[in-house]
Undergrad: 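Take this structure first; my questions come after.
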Amino acid sequence: MKVCEKVQRKGTTSYNEVADELVAEFSTTDNHISPNESAYDQKNIRRRVYDALNVLMAMNIISKEKKEIRWIGLPANSAQECQNLEVEKQRRLERIKQKQSQLQELILQQIAFKNLVQRNRQAEQQANRPPPSNSVIHLPFIIVNTSKKTVIDCSISNDKFEYLFNFDNTFEIHDDIEVLKRMGMACGLESGTCSAEDLKIARSLVPKALEPYVTEMAQGSIRSVYVTSSSGSASNGTRFSASDFSNGGDGMLATSSNGSQYSGSRVETPVSYVGDDDDDDDDFNENDDDD
């Protein structure tokens, strides 16, 4: 128990550290004992520490790599372990759902962007000239929609990186992806209204490995990823930063005295999760003390 308590308290330690501390705690201070007997007691304590560490490692309470000893934890009973596994299972299922939703939204974004490129290219070919500069809207962008009677107060920072809007009425904010969806650039996949012809076009706009996902989205076997508007309210206005547009993020605040709506669906590329591999542990050896 003493060895177990030592390792648990330290988290990461070594045999020598544990043995030295226990020798110091249990060695007798009786002056009548000869130095030889004292040395024997210390050696005996060290051997018992070896035995205890090997038992703890066999029970998977600690792990050892070279000279480093790490605390893993005391074993749980079957009921606790089953409960913990169930919680972990639900956590991972939720993570899968989130990744699945992110993947679907990224697919929709790619289809919408490529559809837009093809439409603009066809328009240029028909007109036999590039579009006028004043007719071009650069990506990313947002659209703020409100009543004609709404009074809007706009303030811009000196570096033109922040914009503060104050509305006296309700308003809506839509990002570029949401606008492209409403223009039909996502082939109806976001709303479950994808026709056979639209599906053929959508599949041609994604890498071949993602074509089955597009088919599943069109068939509705994967839950809808249509992003509904979220509402918020405050009285200090709406603040936009230039970095919100350059990074394509959803970090924009939508606020007004009467409430507002923000419809945004842009997502960043998800980072893959890589779990740590378990390393094999070596048994303790009394010769470790001499290394």
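Below, each value reflects all heavy atoms present in this structure, side chains not excepted, and no hydrogens, waters or symmetry copies.
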Undergrad: Any idea which heavy atoms bring Thr170 and Thr146 closest together, and the distance?
TA: O-OG1, 2.8 Å
Undergrad: Hey, does the side chain of Ser157 reach the backbone of Glu162 with a donor-acceptor pair shorter than 3.5 angstrom?
TA: yes
Undergrad: Could you tell me whether the side chain of Arg9 reaches within less than 4.5 Å of the side chain of Trp71, counting heavy atoms only?
TA: no
Undergrad: State the CG-CD1 distance between Asn134 and Ile137, to the nearest 0.5 angstrom.
TA: 11.0 Å
Undergrad: Are Val206 and Glu211 packed together at the side-chain level, in the sense that at least one heavy-atom pair is separated by less than 4.5 angstrom?
TA: yes
Undergrad: Please tell me if the side chains of Glu68 and Thr12 come closer than 4.5 Å, counting only heavy atoms from C-beta onward.
TA: yes
Undergrad: State which residues pass salt bridge (Lys or Arg N to Asp or Glu O under 4.0 Å) with Glu124; sequence neighbours excluded, sorted by chain then number.
TA: none
Undergrad: To the nearest 0.5 angstrom, please state how far the CG atom of Leu210 sits from the CG atom of Leu106.
TA: 9.5 Å
Undergrad: To the nearest 0.5 angstrom, please state how far the CE atom of Met59 sits from the CE atom of Met57.
TA: 13.0 Å
Undergrad: Find out whether Val3 and Val55 are in side-chain contact, i.e. whether some heavy atom of one side chain is under 4.5 Å from a heavy atom of the other.
TA: no
Undergrad: Please report the shortest heavy-atom distance between Val7 and Ile69, naming the atom on each side.
TA: CG1-CG2, 4.0 Å
Undergrad: If you compare all heavy atoms of Leu189 against all heavy atoms of Ala202, which two are closest, and at what distance to 0.1 Å?
TA: CD1-CB, 3.9 Å
Undergrad: Do Ile96 and Lys99 have side chains that approach each other closer than 4.5 Å (heavy atoms only, starting at C-beta)?
TA: no
Undergrad: Might you work through the side-chain contact (heavy atoms from CB on, under 4.5 Å) test for Lys10 and Glu21, ending with a clear yes or no?
TA: CA-CA 12 Å; Lys10 293 179 179 298; Glu21 290 187 10; 2.8 Å; yes
Undergrad: Do the side chains of Val117 and Val214 join up, straight or via other hydrophobic residues, at under 4.5 Å, putting them in one cluster?
TA: no
Undergrad: Using the side-chain contact (heavy atoms from CB on, under 4.5 Å) definition, which of the options Val18, Asn44, Asn16, Asp20 pairs with Val49?
TA: Val18
Undergrad: Taking all non-hydrogen atoms of both residues, which atom of Leu56 and which atom of Cys4 are closest, and how far apart?
TA: CD1-CA, 3.9 Å
Undergrad: With rounding to the nearest 0.5 angstrom, report the CD1 to CD1 distance, Ile61 to Ile72.
TA: 9.0 Å
Undergrad: Can a donor-acceptor pair be found, under 3.5 Å and without considering hydrogens, that links the side chain of Asp168 to the backbone of Val151?
TA: yes
Undergrad: Are any non-hydrogen side-chain atoms of Glu25 and Lys6 less than 4.5 angstrom apart?
TA: yes
Undergrad: Using 0.5 Å steps for rounding, measure from the CD1 atom of Ile201 to the CG atom of Asn115.
TA: 6.5 Å
Undergrad: So does Thr150 get a backbone contact from the side chain of Asn169, meaning a donor-acceptor N/O pair under 3.5 Å?
TA: no
Undergrad: Are Leu93 and Lys89 packed together at the side-chain level, in the sense that at least one heavy-atom pair is separated by less than 4.5 angstrom?
TA: yes
Undergrad: Run the side-chain contact (heavy atoms from CB on, under 4.5 Å) check on Leu53 and Lys64 step by step: do they pass?
TA: CA-CA 9 Å; Leu53 290 174; Lys64 175 179 178 289; over 6 Å; no
Undergrad: Kindly indicate whether the side chain of Ile107, heavy atoms from C-beta on, has any atom under 4.5 Å from the side chain of Tyr213.
TA: yes
Undergrad: Let's go through Arg203 and Thr215 carefully: what are the C-alpha distance in whole Å and the side-chain angles of both, what is the deciding distance for side-chain contact (heavy atoms from CB on, under 4.5 Å) to 0.1 Å, and is it a yes or a no?
TA: CA-CA 8 Å; Arg203 285 173 59 93; Thr215 302; 2.4 Å; yes
Undergrad: Got a second to check how far Arg70's CZ is from Glu65's CD, nearest 0.5 Å?
TA: 8.0 Å
Undergrad: Is it the case that more than 12 heavy atoms not belonging to Arg121 sit under 6.0 Å from its CZ atom?
TA: no
Undergrad: Taking NZ in Lys2 as the centre, count heavy atoms belonging to other residues, nucleotides or ligands within less than 6.0 Å. Is the count above 12?
TA: no
Undergrad: Could you tell me whether Lys181 and Glu105 have a side-chain N and a carboxylate O separated by less than 4.0 Å?
TA: yes
Undergrad: Look only at the side chain of Ser155 and the backbone of Tyr163, and say whether a donor-acceptor pair between them is shorter than 3.5 Å.
TA: no
Undergrad: If the threshold is 4.0 Å, N to carboxylate O, is there a salt bridge linking Arg91 and Glu94?
TA: no
Undergrad: Output, in order, the C-alpha distance, side-chain angles, deciding distance and verdict of side-chain contact (heavy atoms from CB on, under 4.5 Å) for Arg48 and Leu22.
TA: CA-CA 10 Å; Arg48 299 293 75 77; Leu22 290 177; over 6 Å; no
